[in-house]
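Working notes for the structure below.
Hydrogens, waters and symmetry mates play no part in the numbers below; they use all other heavy atoms, side chains included.
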Amino acid sequence: MNFLPLWRYQNQLIDGAIVTLELTVIAALAGLLIGVAGAVALNGRITPLRWLVRGYIELFRNTPSLIQIFIVFFVLPNFGLKLPAFEAAAVALSLYFGAYSVEIIRAGLDSVPKNQIEAGQCLGLSGWQVFRHILLPPALRNAYPAVTSQFVLLLLGTSLASQVAADELFHVAGFIESRTYRSFEVYAVICVVYFAMAMSFKALFAIIGLAAFRWPRRR
């Protein structure tokens, strides 16, 4: 084993890691917006909209995310919508993450006791005020562990974007391996980088959760 030939590619590795983080954050934020909107729609009274959201969830949760990336990157140009590799991967991963977020946030909303909502209505709060001040905070608290776990899975799943030549970490690894022929060393380093990023986010989310939600310790 010889890791020294990889040293000259440290800037490419750093750039690839940055692109991976950017792709993860963009997809997560967009997916969370989709998740909140979809969860509200599922709990709403508009039946066709509920069916539409349910179909979206089933479609994106039961098909490979790689195929979804391919459809956005290779198929949509036939309909006049051509996106660069990074943007195509961001759109596909956002829709993929959003499909899971809808169910997670919906479960969080359903976990809020109905009497709290009724109490807010009795106090004269509007529907938006009830949702914002009474329903959403405890729903987010209950959904937070599942959302953060899904975020880490999204981070690892960004490696699929390499299949459409997005300049994320795994694509950079393939480039370096083709130049150095050091397959074990390259992918060992990449594995360490992914592991470090995943564990860092887990630690960060744990700190945020304790600070923001102040969960009681389970006995």
Side-chain angles (χ1 to χ4, degrees), residues 1-32 34 59-78 81-101 104 145-209:
M1 291 185 295
N2 184 8
F3 290 89
L4 290 179
L6 307 184
W7 183 252
R8 69 178 67 179
Y9 298 100
Q10 57 177 315
N11 291 333
Q12 287 92 326
L13 289 171
I14 293 174
D15 291 341
I18 292 174
V19 172
T20 292
L21 294 175
E22 291 175 345
L23 185 58
T24 303
V25 171
I26 291 173
L29 291 177
L32 281 176
I34 295 172
L59 176 64
F60 278 87
R61 290 183 62 174
N62 293 288
T63 55
S65 54
L66 180 59
I67 293 179
Q68 297 164 15
I69 294 174
F70 279 4
I71 289 175
V72 174
F73 187 72
F74 292 113
V75 178
L76 290 187
N78 296 326
L81 182 58
K82 185 176 182 180
L83 298 175
F86 180 89
E87 285 77 1
V91 169
L93 291 173
S94 297
L95 293 172
Y96 181 78
F97 186 78
Y100 283 89
S101 297
I104 293 172
V147 170
T148 55
S149 296
Q150 196 64 39
F151 180 93
V152 174
L153 293 177
L154 174 66
L155 169 67
L156 303 178
T158 56
S159 59
L160 296 174
S162 63
Q163 300 304 304
V164 292
D167 293 328
E168 47 76 53
L169 187 59
F170 197 78
H171 182 263
V172 171
F175 170 80
I176 297 174
E177 191 272 336
S178 68
R179 295 297 187 273
T180 62
Y181 300 101
R182 297 283 181 178
S183 300
F184 175 81
E185 291 88 339
V186 169
Y187 292 111
V189 170
I190 296 302
C191 182
V192 170
V193 174
Y194 274 117
F195 180 78
M197 289 193 296
M199 296 305 296
S200 297
F201 274 113
K202 284 186 176 182
L204 175 62
F205 291 144
I207 294 172
I208 293 174

- Item | Separation between CD1 of Ile190 and OG1 of Thr20, rounded to the nearest 0.5 Å | 8.5 Å
- Message: Run Met197 and Val152 through side chain to side chain contact (heavy atoms under 4.5 Å, CB included) and show every step you take.
- Response: CA-CA 9 Å; Met197 289 193 296; Val152 174; over 6 Å; no
- Query: Atom CD in Gln150, atom CG in Leu155: separation rounded to 0.5 Å?
  - Reply: 12.0 Å
- Task: Give a yes or no on this: more than 12 heavy atoms of other residues, nucleotides or ligands lie within 6.0 Å of atom CZ of Phe3.
- Result: yes
- Task: Apply side chain to side chain contact (heavy atoms under 4.5 Å, CB included) to the pair Val172 and Leu13, showing each step before the final yes or no.
- Result: CA-CA 7 Å; Val172 171; Leu13 289 171; 4.2 Å; yes
- Item | Which atom of Leu23 lies closest to which atom of Ala161, heavy atoms considered | CD2-CB, 3.8 Å
- Task: Quick one: closest heavy-atom pair of Leu154 and Ala28, and the distance?
- Result: CD2-N, 3.7 Å
- Does any non-hydrogen side-chain atom of Gln10 lie less than 4.5 Å from one of Trp7? yes
- Note on the structure: Closest non-hydrogen contact found for Ala17 with Leu169 is N-CD1, 3.9 Å
- Could Arg61 and Tyr100 be counted as a cation-pi pair, given that NZ or CZ must be under 6.0 Å from the ring centre and within 45° of the axis? yes
- Query: Is it true that the side chains of Glu168 and Thr158 contain a donor and an acceptor less than 3.5 Å apart?
  - Reply: no
- Determine the minimum heavy-atom distance between Ser94 and Ile34, stating which atoms define it. O-CD1, 3.9 Å
- Message: Let me confirm one number: the NE2-CG distance from His171 to Leu160, rounded to the nearest 0.5 Å.
- Response: 13.5 Å
- Message: Please give me the minimum heavy-atom distance between Val72 and Pro77, naming the atom from each residue.
- Response: O-CD, 3.9 Å
- Just how far is it from atom OG of Ser101 to atom CZ of Phe151, taken to the nearest 0.5 Å? 11.0 Å
- Message: Within a 6.0 Å radius of atom CZ on Phe184, are there more than 12 heavy atoms belonging to other residues, nucleotides or ligands?
- Response: no
- Task: Quick one: closest heavy-atom pair of Phe73 and Ala88, and the distance?
- Result: CD1-CB, 3.7 Å
- Message: Could you check whether any side-chain heavy atom of Met1 comes within less than 4.5 Å of a side-chain heavy atom of Glu185, counting everything from C-beta outward?
- Response: yes
- Item | Polar contact flag, side-chain donor to acceptor under 3.5 angstrom, Thr63-Gln68 | yes
- Message: If I take atom OG from residue Ser162 and atom CZ from residue Phe175, how far apart are they, to the nearest 0.5 angstrom?
- Response: 14.5 Å
- Please examine the side chains of Asp15 and Val19, heavy atoms only from C-beta on, and report whether any two atoms are closer than 4.5 Å. no
- Should Phe97 and Leu32 count as side-chain neighbours, where that means a heavy-atom distance under 4.5 Å? yes
- Just do the side chain to side chain contact (heavy atoms under 4.5 Å, CB included) check on Ile26 and Phe86 with the steps written out, would you? CA-CA 11 Å; Ile26 291 173; Phe86 180 89; 3.9 Å; yes
- Item | Test side chain to side chain contact (heavy atoms under 4.5 Å, CB included) applied to Tyr194 and Leu156, step by step | CA-CA 7 Å; Tyr194 274 117; Leu156 303 178; 4.1 Å; yes
- Return the orientation label for the Phe170 and Tyr187 ring planes: parallel under 30°, perpendicular over 60°, tilted otherwise. tilted
- Rounded to the nearest 0.5 Å, how far does CD1 of Ile14 lie from OH of Tyr9? 15.0 Å
